[in-house]
Amino acid sequence: MAQPRRRGALRVVCIGAVAAAIATGCAPADQQDQLTVFAASSLRTAFDDIAKDFESAYPQTAVNLNFTGSSDLLDRIKDGAPADVFATETEEVMWLALDAELIDDPQAFARNELVIIVPNVDDVDVSDIDDVIDSGTPVASCASETSCGTIAQRLARRAGFAIDQDVQERSATEVLNRVLDGSAVALVYRTDALSAGEQVRIIELLLCDDRQHDWDC
């Protein structure tokens, strides 16, 4: 998670660390500070909880959360959208932000991995990646120009199947909806799979020595 540059270079922070700077401010009692967070859609559940805890601990600060794909968020920041915190789902987009001199010293704050999910219904008989390939069911993912889509395309090639253009979506939420309406199975982050609860079944995809986050694998 990194803090985009605005009015010069700003420090890298985690959302909890922002509290120190805000809590020592001198805003009037009836005026709230605003903390704008741009975060990948896969972080929604965790960041919703973090924002609530943050606002409870620092009632003079309102946290404004903006969720969508990391690449879209980066484009908004490049176009001048104000953001105090930028949290991406992969290192690649963060490095692009760094190269564009939009942030300073990004830091990894969590790990995630891709899994395959299928509808949790009796008539879907899939237990491993070979079953997915043999079934011929479309495999959905984030669009190839997004961060999660880039990784999904790479893992799909290594596993020996293709992701059709027609089932590539701009956000993890839209990919999940493909599975829930029965039109596809999907490659998603484990956190997104868990957010769907018992509506889906998770199939492990262990490739690259189980180092999916490593760009060199």
Side-chain angles (χ1 to χ4, degrees), residues 1-113 142 145-149 151 169-177 188-197 213:
M1 180 188 303
Q3 189 170 12
R5 290 175 183 262
R6 192 169 58 184
R7 299 193 184 98
L10 300 177
R11 294 177 301 154
V12 175
V13 294
C14 290
I15 195 164
V18 180
I22 294 175
T24 56
C26 299
D30 60 348
Q31 179 179 328
Q32 276 193 315
D33 289 306
Q34 302 291 315
L35 179 65
T36 300
V37 177
F38 278 20
S41 56
S42 59
L43 300 171
R44 179 183 295 273
T45 300
F47 273 42
D48 280 342
D49 290 341
I50 292 171
K52 290 176 182 176
D53 290 343
F54 188 95
E55 289 179 332
S56 177
Y58 302 94
Q60 287 302 310
T61 302
V63 179
N64 301 315
L65 298 172
N66 296 273
F67 296 106
T68 189
S70 295
S71 296
D72 288 342
L73 293 172
L74 177 58
D75 287 341
R76 293 183 190 180
I77 293 172
K78 287 180 177 179
D79 290 339
D84 299 302
V85 177
F86 181 36
T88 68
E89 58 198 350
T90 67
E91 295 173 355
E92 184 181 52
V93 172
M94 193 61 75
W95 298 137
L96 291 174
L98 183 64
D99 290 343
E101 299 185 347
L102 297 170
I103 61 171
D104 288 325
D105 303 324
Q107 298 178 3
F109 64 94
R111 296 289 189 190
N112 212 338
E113 61 185 349
C142 295
E145 63 268 21
T146 66
S147 304
C148 58
I151 300 176
E169 304 291 353
R170 293 295 300 178
S171 72
T173 300
E174 293 172 307
V175 175
L176 281 174
N177 288 338
V188 297
Y189 285 117
R190 183 179 296 277
T191 49
D192 294 316
L194 294 175
S195 74
H213 59 275

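Note that the structure is predicted; figures quoted are calculated from it, not measured.
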Peer 1: Would you say the side chain of L74 lies within less than 4.5 Å of the side chain of F38, judging by non-hydrogen atoms?
Peer 2: no
Peer 1: Is there a side-chain contact between E169 and N177 in this structure, where contact means two heavy atoms from C-beta onward sitting under 4.5 Å apart?
Peer 2: no
Peer 1: Where the side chain of D84 meets the backbone of T36, is there a donor-acceptor pair that is under 3.5 Å apart?
Peer 2: yes
Peer 1: Apply side-chain contact (heavy atoms from CB on, under 4.5 Å) to L35 and V85, showing your working.
Peer 2: CA-CA 8 Å; L35 179 65; V85 177; 4.3 Å; yes
Peer 1: S71: which residues meet the side chain to side chain contact (heavy atoms under 4.5 Å, CB included) condition with it, sequence neighbours left out?
Peer 2: V93, S147
Peer 1: Can you tell me how far CD1 of I151 sits from CD of E91, rounded to the nearest 0.5 angstrom?
Peer 2: 9.0 Å
Peer 1: Going by side-chain hydrogen bond (donor to acceptor under 3.5 Å, both in side chains), name the residues that satisfy it together with N64, two or more places apart in sequence or in a different chain.
Peer 2: Q34
Peer 1: Could you work out, with side-chain hydrogen bond (donor to acceptor under 3.5 Å, both in side chains) as the rule, every residue matching S171, not counting sequence neighbours?
Peer 2: E174
Peer 1: Minimum heavy-atom separation for F86 to S70, with atom names?
Peer 2: CZ-O, 4.1 Å
Peer 1: Could you pull out all residues at least two apart from R44 that satisfy salt bridge (Lys or Arg N to Asp or Glu O under 4.0 Å)?
Peer 2: none
Peer 1: When the side chains of residues 48-56 are checked against the rest of the protein, which donor-acceptor pairs come out under 3.5 Å, sequence neighbours left out?
Peer 2:
{"residue": "E55", "atom": "OE2", "partner": "V63", "partner atom": "N", "Å": "2.7"}

Peer 1: For the residue pair F67 and F47, categorise the inter-ring angle as parallel (less than 30°), tilted (30 to 60°) or perpendicular (more than 60°).
Peer 2: perpendicular
Peer 1: Can you tell me how far apart CG (N66) and CG (D72) are? Round to the nearest 0.5 Å.
Peer 2: 12.0 Å
Peer 1: Please list, chain by chain and in numerical order, all residues satisfying side-chain hydrogen bond (donor to acceptor under 3.5 Å, both in side chains) with S195, sequence neighbours excluded.
Peer 2: none
Peer 1: Would you compute the distance between atom CG of L102 and atom CG of L96 and round it to the nearest 0.5 angstrom?
Peer 2: 10.0 Å
Peer 1: Are V175 and Y189 side-chain neighbours, meaning at least one heavy-atom pair lies under 4.5 Å?
Peer 2: no
Peer 1: So how far is it from M94 CE to D99 CG, rounded to the nearest 0.5 Å?
Peer 2: 12.0 Å
Peer 1: Could you grab the distance from atom SG of C142 to atom CG of D192, nearest 0.5 Å is fine?
Peer 2: 7.5 Å
